[in-house]
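Notes for the one structure printed next.
As the structure is a computational prediction, the values presented were derived from the model and not from experiment. Naming: A, B, ... by sequence-line order, numbering from 1 per chain. All values below were derived from every heavy atom in this structure, side-chain atoms included, with hydrogens, water molecules and symmetry-related copies excluded.
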2 protein chains.
Amino acid sequence: MAGTNLVGPEVDALELGVVLRALADGHRRSVMTELAADRTDSERGCNSFDLPISKQTQTHHFRILREAGLIDEIDYGNRKGIRLRRTDVESRFPGLLALLEAEHQDGTAPR
Amino acid sequence: MAGTNLVGPEVDALELGVVLRALADGHRRSVMTELAADRTDSERGCNSFDLPISKQTQTHHFRILREAGLIDEIDYGNRKGIRLRRTDVESRFPGLLALLEAEHQDGTAPR
DNA sequence: ACTGAGGTACGATGCAAGACGTACCTGAAG
DNA sequence: CTTCAGGTACGTCTTGCATCGTACCTCAGT
């Protein structure tokens, strides 16, 4: 019930290269643009993004985003929560989330 | 002598996905961090970056950067000039160059 | 205890992209 | 004109990565 937070890198350990490679994929970027546009920063289920890919591939993508330090993954055992690490990302890479948020306005077309 | 400017996308046609994929590679990113850090925006020769790769591969990488709209390539026939499209990039993706410039401080280690 | 939905682990596959060899072009210098 | 350095075009090889199939785990509900 409590949900264990899966480990990601510390704020100081965030690397631009890893982040940019994570954002290079259209599916991952569409997730990030949605998260960046939602200022409430509420925890979301991972199938609330309705990505047109299998669940194994979704697991893969969310792992990449977590290991890049962009999101937190909260493991509830049989389900998983996603939350944007807004303050961490903003402090390490100021302006990055604004770019993603701006992209969210342009329509939902990925890639 | 005049040098023809190789074509790149217009300012309005710049796409975040293409740009981020271009910046995902360590070699291309090291070029961009150098360019972003140089506020004079002077034209540079392409072997002034001393990339540890063959010249064919360098041609490939500079093409990617040009097609992403990040740089201009000026063709002099037997040599080539590189110039950052600072105003275009800054107007379309404000803050992006600042992120790259900040990365340039952290040392020259790519990837 | 059984079932079903959500998620992960592992392996295999297919494709895009980075890298380079060879050959060729261009212009400057001799 | 010849030479040579810088750059490109094309083909090839190889690596990385997105994707999925199969199998298994976890919890909630019945």
Quiz item: Can you name the one residue among A:H104, A:R44, A:R29 that meets side-chain hydrogen bond (donor to acceptor under 3.5 Å, both in side chains) with A:E34?
Solution: A:R44

Exercise. Check the pair A:L70, A:L14 against side-chain contact (heavy atoms from CB on, under 4.5 Å), reporting the backbone distance first and the verdict last.
Key: CA-CA 9 Å; A:L70 293 171; A:L14 296 188; over 6 Å; no

Practice problem: Provide the closest heavy-atom pair for A:P9 versus A:A68 in the form atom of the first, atom of the second, distance. | Solution: CG-C, 4.1 Å

Exercise. Would you kindly give the CZ-to-C1' distance between B:R66 and D:dT8, to the nearest whole Å?
Key: 11 Å

Exercise. Rounded to the nearest angstrom, tell me the gap between atom CG in B:L51 and atom C1' in D:dG6.
Key: 15 Å

Quiz item: Closer than 4.0 Å, any side-chain N/O of B:R63 to the OP1 or OP2 of D:dG7?
Solution: no

Quiz prompt | Nearest-Å distance for atom pair OH/P, residues B:Y76 and D:dT8 | solution = 13 Å

Exercise. Kindly indicate, with the supporting measurements, whether the criterion side-chain contact (heavy atoms from CB on, under 4.5 Å) is fulfilled by A:H27 and A:Q58.
Key: CA-CA 9 Å; A:H27 294 133; A:Q58 291 192 30; over 6 Å; no

Could you list, one pair per line, each protein nitrogen or oxygen that sits under 3.5 Å from a nitrogen or oxygen of nucleotides 18-22 of chain C, together with the distance?
from: C:dG18; atom 1: OP1; to: B:R28; atom 2: NH1; distance (Å): 2.8
from: C:dG18; atom 1: OP1; to: B:R28; atom 2: NH2; distance (Å): 2.7
from: C:dG18; atom 1: OP2; to: B:H60; atom 2: NE2; distance (Å): 2.6
from: C:dA19; atom 1: OP1; to: B:H27; atom 2: ND1; distance (Å): 3.4
from: C:dA19; atom 1: OP2; to: B:H61; atom 2: NE2; distance (Å): 2.5
from: C:dC20; atom 1: OP2; to: B:S54; atom 2: N; distance (Å): 3.0
from: C:dC20; atom 1: OP2; to: B:S54; atom 2: OG; distance (Å): 3.3
from: C:dG21; atom 1: N7; to: B:Q56; atom 2: NE2; distance (Å): 2.5
from: C:dT22; atom 1: O4; to: B:Q56; atom 2: NE2; distance (Å): 3.4

Exercise. Check whether any side-chain heavy atom of B:L23 lies under 4.5 Å from a side-chain heavy atom of B:M32, and answer yes or no.
Key: yes

Quiz item: Do B:R92 and B:V19 have side chains that get closer than 4.5 Å, going by heavy atoms?
Solution: no

Are there any protein N/O atoms within less than 3.5 Å of an N/O atom in nucleotides 4-7 of chain C, and if so, which ones and at what distance?
from: C:dG6; atom 1: O4'; to: A:N78; atom 2: O; distance (Å): 3.4
from: C:dG7; atom 1: OP1; to: A:K80; atom 2: N; distance (Å): 3.4
from: C:dG7; atom 1: N7; to: A:K55; atom 2: NZ; distance (Å): 3.0
from: C:dG7; atom 1: O6; to: A:K55; atom 2: NZ; distance (Å): 3.4

Exercise. Specify the closest pair of heavy atoms between A:Y76 and A:G3, including all atoms of both residues, with the distance to one decimal.
Key: CD2-CA, 3.7 Å

Exercise. Just grab all the salt bridge (charged side-chain N to carboxylate O under 4.0 Å, His left out) pairs involving residues 72-82 of chain B, residues at least two apart or on different chains.
Key: B:R66-B:E73, B:E73-B:K80

